[in-house]
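To start, the structure under review is shown below, and the notes come after it.
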Number of protein chains: 2
Amino acid sequence: MDSVSVSSPQDGARLESRRTRILDAAEKLFAEHGYDGVTLRAIAREADVDVALANYHFGRKHELFEATFMRRAELLNRWRIRALDEAIASAAPEAPSVRAIMDAYLYPLLHGPHLSDPAWRSYYALVAYVNNSTEWGGKLMSRFFNPMVDRFIDALRKALPNAPEEALFWGYHCLSGALTLAFAQTGRLDKLSGGVCSSEDLEAAYTHIVAFVTAGFEQINLSVE
Amino acid sequence: MDSVSVSSPQDGARLESRRTRILDAAEKLFAEHGYDGVTLRAIAREADVDVALANYHFGRKHELFEATFMRRAELLNRWRIRALDEAIASAAPEAPSVRAIMDAYLYPLLHGPHLSDPAWRSYYALVAYVNNSTEWGGKLMSRFFNPMVDRFIDALRKALPNAPEEALFWGYHCLSGALTLAFAQTGRLDKLSGGVCSSEDLEAAYTHIVAFVTAGFEQINLSVE
DNA sequence: GTCTATATGTTGATAGAC
DNA sequence: GTCTATCAACATATAGAC
């Protein structure tokens, strides 16, 4: 159903199907300008296809948006679940540490072509937009990511046996907010730090976020509340 | 310059100036749908004024947007700086603790009418939108908030003498992301937690975020890096 | 699958009366 | 300050030829 592959072998790898080109263009533009800031015409122009094709392949505009959001969400979920399973296996019979759980959650974001591929960077900015949007946040994030997140919360519950339920969920919310803002790469950090940090340095973001949120979660177990 | 007050005493407090009504309507709608998701006509309808008035009072659409963003930003900056100054004064001659600094940063968000006033809740959602937007984030957040944030980073620098500069800025980024997502009230947390937590419970958000980010910052001072 | 053509409505902005 | 009237541009969506 999802034709991420090239349209036909003889074209060479450079020639993607028009359907995929629309998805790529939509991803880039939605990430930059949000849902309402992008027209189907702009997407068609960016993808170098006719305007009517977006409608033919994806139906209405919001369906194209959701298809764009879903494409990489499914990949990401698979990779994260696999990383979590590995963390659980290698810590068995003990529960994996908070740090190991955070690594499983964050490492797949950077592994593979992600850092150098501008399409993945666009996608992360798109997730930041969706996550913080009152229109999409509650719906899309929940639908596509919550089942995966449930598994991570469960692992945290075992790693932090004294933690109140409520604190686990708010802790995840802190993690989610910190992560999506960092990966949105808005350039604000560059200005705030006077050049010491770069918004585009996702490797640095990873390092600092893992340390920050690990301590944030571990504190939950200690608090009396 | 900013006529937040009522237009004339004899109207009674209920009758705001049309200019203020436009600002209020813009705040609500921009928070819900983002910049491009709102038309000047929708704002005029919500404010119950003529379409042409938005242009007369604020000029172009993006100028209205910036005026909306600025209005409460200036108040918030004042309150936060005052809270920080008080924390510094009451800890003197020592530097205030990380916890005290975080309290100064977060407490003004809830103090006063903020919790019960839907307009402030809208504003927080608007900040979340701006913060994570590739179009506005780097520009507007920096312009209106960075001078205030500089002062908080400076306080953190003194509270955490072993912290590398870079880690302080990334730490703030984590704080900012966690905070704005929580105050965006997207409803995701309600679903994720199966009703244990509520996105709208800003008091709970405050409690958990303060604890989470305080631990996140304190960890920086300990890490060898 | 792809494109041309078009229906039908909306957009931001302003000129000019009051 | 406020409103009426209007413009030129652009929006989504689809019907029907190829």
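Naming convention: chains lettered A, B, ... in sequence-line order (proteins, then strands); numbering from 1 in each chain. Owing to the predicted nature of the structure, the values given are computational and were not obtained by experimental measurement. Just the heavy atoms: all of them, side chains too, but no hydrogens, waters or symmetry mates, feed the values below.
- Put simply, the side chain of R21(B) gets close to the backbone of D48(B): a donor and an acceptor are under 3.5 Å apart.
- With dG12(C), dA11(D), dC3(D) as the choices, the nucleotide that has an atom nearest any side-chain atom of T39(B) turns out to be dG12(C).
- One interatomic measurement links the two molecules: CG of D36(B) to C1' of dG12(C), which rounds to 12 Å at whole-angstrom precision.
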Quiz: residues 104-118 of chain B side-chain donor-acceptor pairs under 3.5 angstrom, not counting sequence neighbours:
unit_1, atom_1, unit_2, atom_2, d
Y105(B), OH, Y172(B), OH, 2.9
Y107(B), OH, H111(B), ND1, 3.1
H114(B), ND1, H111(B), O, 2.5
H114(B), NE2, P108(B), O, 3.4
S116(B), OG, P113(B), O, 3.3
D117(B), OD1, A119(B), N, 2.9

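- The stretch residues 26-34 of chain A has no heavy atom under 4.0 angstrom from DNA chain D at all.
- In this structure, the separation between CD1 on I209(A) and OG1 on T214(A) is 11.0 Å, given to the nearest 0.5 Å.
- E63(A) CD: more than 12 foreign heavy atoms inside a 6.0 Å radius.
- One axis for each end of the helix from dG1(C)-dC18(D) to dC18(C)-dG1(D), each built from five base pairs, and the angle between them comes to 10° at 10° resolution.
- For R18(B) and dT2(D), the shortest distance from a side-chain N or O to OP1 or OP2 is below 4.0 Å.
- Remark: D154(A) does not engage R151(A) in a salt bridge, criterion side-chain N to carboxylate O under 4.0 Å.
- Spacing between atom CD1 of I22(B) and atom C1' of dT2(D) amounts to 10 Å, rounded to whole angstrom units.
- When the C1' atom of dT6(D) is taken as reference, atom CG of D50(B) falls 13 Å away, rounded to whole Å.
- Take D24(A) and apply the side chain to side chain donor-acceptor pair (under 3.5 Å) test, not counting sequence neighbours, and it matches R71(A).
- Taking only distance into account, the side chain of R19(B) never meets the base of dG1(D) through a donor-acceptor pair shorter than 3.5 Å.
- S199(B) meets the side chain to side chain donor-acceptor pair (under 3.5 Å) test with D190(B); sequence neighbours excluded.
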* To do: Tell me, with the steps shown, if Y206(B) and D103(B) meet side chain to side chain donor-acceptor pair (under 3.5 Å).
  => CA-CA 9 Å; Y206(B) 171 78; D103(B) 266 330; 2.6 Å; yes
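- Counted within 6.0 Å of CD on E200(B), heavy atoms from surrounding residues, nucleotides or ligands total 12 or fewer; the atom is thus considered open.
- One atom, CG of L40(A), and another, P of dC3(C), lie 15 Å apart when rounded to the nearest Å.
- In this structure, Y35(A) contributes its side chain and G37(B) its backbone to no donor-acceptor pair below 3.5 Å.
- Note: CZ (R41(B)) to P (dA11(D)) measures 16 Å, nearest angstrom.
- DNA chain C lies under 4.0 Å from at least one heavy atom of each of the following residues of residues 51-62 of chain A: A52(A), L53(A), Y56(A), H57(A).
- Remark: the backbone N or O of V38(A) is paired with a side-chain donor or acceptor of K61(A) at under 3.5 angstrom.
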